[in-house]
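In the text below, chain A, chain B and the rest are named by the order of the sequence lines, each starting its count at 1.
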There are 2 protein chains.
Amino acid sequence: MKAGSSASGFPVPDHDHASCLTEVIVRAAVAFERQGLRLTDLRRNVLEEVAASHKAVGAYEVLERLASKGGKRLAPISIYRALDTLVAAGVVHRLESRNAFFACHVVHGGNRRQIVLACEQCGAVAEVSRPNVFDDIQTAAGAVGFRMSQVLVEVSGTCAACSRSERPDK
Amino acid sequence: MKAGSSASGFPVPDHDHASCLTEVIVRAAVAFERQGLRLTDLRRNVLEEVAASHKAVGAYEVLERLASKGGKRLAPISIYRALDTLVAAGVVHRLESRNAFFACHVVHGGNRRQIVLACEQCGAVAEVSRPNVFDDIQTAAGAVGFRMSQVLVEVSGTCAACSRSERPDK
DNA sequence: ACGGTTATGTTATATGTTTACATCGCATCG
DNA sequence: CGATGCGATGTAAACATATAACATAACCGT
């Protein structure tokens with residue numbers, strides 16, 4: 001297993017985020033290329049801010065961080081446009097339950113079928129795969145004649161790391 | 001089966017909404033009673049607007065509709081407070097993926113474990129039960145040491161009625 | 001260099017949500 | 001009866017999230 005990866009989807013304690021970030025950018029470059037999109041400076045900057053942590057960040061938070069770095073302050077719409085493109089390219093996802101965005105660290109095929117776990121304590125977000133769940137949802141929808149175009153499975157709770165630090169015993 | 005009900009969760013074509021609405025109000029009265037809450041005029045008015053259709057409506061839409069009826073325009077916070085209470089009582093749910101609210105037409109126990117289906121065409125929302133899905137999600141979360149507190153399963157797509165009217169053949 | 005397409009800038013506004021504090025109605029206690 | 005307490009609502013303002021409309025600039029193939 002490479003440094004920075006984790007079977008749980010959450011970063012491991014010693015996790016090498018620099019290489020992790022690099023991987024995200026590379027995957028983005030590939031995805032943009034394949035879809036005939038341009039990975040511009042703005043888009044890369046936004047992606048870097050989103051991927052700076054494994055947490056979900058709001059659009060305005062990205063805005064603030066870029067402003068405090070780049071000096072010039074962008075308009076919200078610029079951030080949203082960049083985010084839209086990143087989401088369309090599949091390298092960033094939106095955490096609907098929090099109106100926030102997080103970088104994708106897994107490779108999915110055409111349609112995304114991942115359970116999203118979001119820690120209420122530390123804000124970390126991870127995606128885990130569980131095809132059955134999506135098959136069952138598909139079946140349940142189909143049973144009432146509903147044609148599914150997009151599914152959202154978001155779980156709020158406490159990640160393993162936060163559970164441990166809450167209760168340092170054991 | 002009673003008038004107004006449907007196995008699919010979506011209203012049937014001939015669906016008697018008046019009695020459907022009455023049922024919602026009655027369930028609300030019971031739920032409020034049981035929880036020691038007061039079903040005030042404001043709360044009932046808001047509930048009636050939300051339950052006026054089987055669609056998800058935004059807080060401001062409720063505000064507008066009440067304003068065009070009652071004459072006096074309420075402050076947004078009043079709507080939100082009423083909605084909060086209705087959500088807490090379990091008679092209204094929030095559709096996270098659209099920042100909107102919809103009336104509940106099923107009876108759930110303590111914790112809500114329902115798949116929410118939202119039609120992109122007509123805006124109708126339905127809840128369907130599929131306990132396996134939630135058990136599997138729980139398992140998947142547990143497998144990576146994640147303690148789950150809340151799950152969200154929202155499906156976007158096209159409901160049966162809209163599918164039929166799209167393609168009138170067959 | 002030209003012309004179409006894509007990306008970004010600029011300004012303004014729509015939509016969604018909350019904070020803080022004042023007031024009111026009502027039940028209960030003394 | 002008046003005081004007290006509490007839940008509900010009113011009022012004003014701010015904060016947070018998201019998009020519309022239109023102008024300009026960068027890029028790309030020819």
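Note: His54(A) and His105(A) have parallel aromatic rings, judged against thresholds of 30 and 60 degrees for the angle between ring planes. Taking the six-membered ring where the residue is Trp, Tyr60(A) and Tyr80(A) present perpendicular rings, their angle passing 60° and hence far from 30°.
The distance between atom CD1 of Ile79(A) and atom P of dT10(C), rounded to the nearest whole Å, is 13 Å. dG7(D) atom C1' lies 13 Å from atom CZ of Phe32(B), rounded to whole Å. One interatomic measurement links the two molecules: CG of Leu42(A) to P of dA7(C), which rounds to 11 Å at whole-angstrom precision. One can place CG of Leu83(A) at 12 Å from P of dT17(D), the figure rounded to the nearest angstrom. The nearest whole Å value for the distance from the CZ atom in Arg73(A) to the P atom in dT10(C) is 14 Å. Between the P atom of dA8(D) and the CZ atom of Arg43(B) lies a distance of 4 Å, rounded to the nearest Å. When rounded to the nearest whole Å, the span between CG of Leu47(A) and P of dA7(C) equals 16 Å. What separates CG of Asn45(B) from P of dG10(D) is a distance of 11 Å, to the nearest Å.
The shortest distance between the side-chain N/O atoms of Tyr80(A) and the OP1/OP2 oxygens of dT19(D) is not below 4.0 Å. Here Asn99(A) reaches the OP1 or OP2 of dA18(D): one of its side-chain N or O atoms lies under 4.0 Å away. Applying the 4.0 Å criterion to OP1 and OP2 of dA7(C), one finds that Arg81(A) has every side-chain N and O outside that range. Regarding contacts with the backbone of dA8(D), every side-chain N or O of Thr40(B) stays at 4.0 angstrom or more from both OP1 and OP2.
Side-chain contact check for Lys69(B) versus Arg65(B): every heavy-atom pair is 4.5 Å or farther apart.
Sequence order on DNA chain C of the closest nucleotides to Asp41(A) and Arg38(B) puts Asp41(A) first from the 5' end. Residue-to-nucleotide proximity on DNA chain D shows that, of Thr85(B) and Arg94(A), the 5′-proximal contact is made by Thr85(B).
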Would Thr158(A) and Met148(B) satisfy side chain to side chain contact (heavy atoms under 4.5 Å, CB included), going step by step from the backbone distance to the final call?
CA-CA 7 Å; Thr158(A) 308; Met148(B) 188 165 122; over 6 Å; no
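Evaluation of Tyr60(A) against the base of dT17(D) yields a stacking contact (centre distance < 5.5 Å, interplanar angle < 30°).
Nearest to the side-chain atoms of Ser78(A) among the listed nucleotides dA18(D), dG10(D), dT10(C) stands dT10(C).
Ala59(B) comes within 4.0 angstrom of no nucleic acid atom, judged by non-hydrogen atoms across all strands. In this structure, Leu74(A) reaches the sugar-phosphate backbone alone: every heavy-atom distance under 4.0 Å involves primed, P, OP1 or OP2 atoms, never a base.
Cluster annotation: Leu39(B) is connected to Val87(B) through the hydrophobic network of ILVMFWY side chains, with a link wherever side-chain heavy atoms come within less than 4.5 Å.
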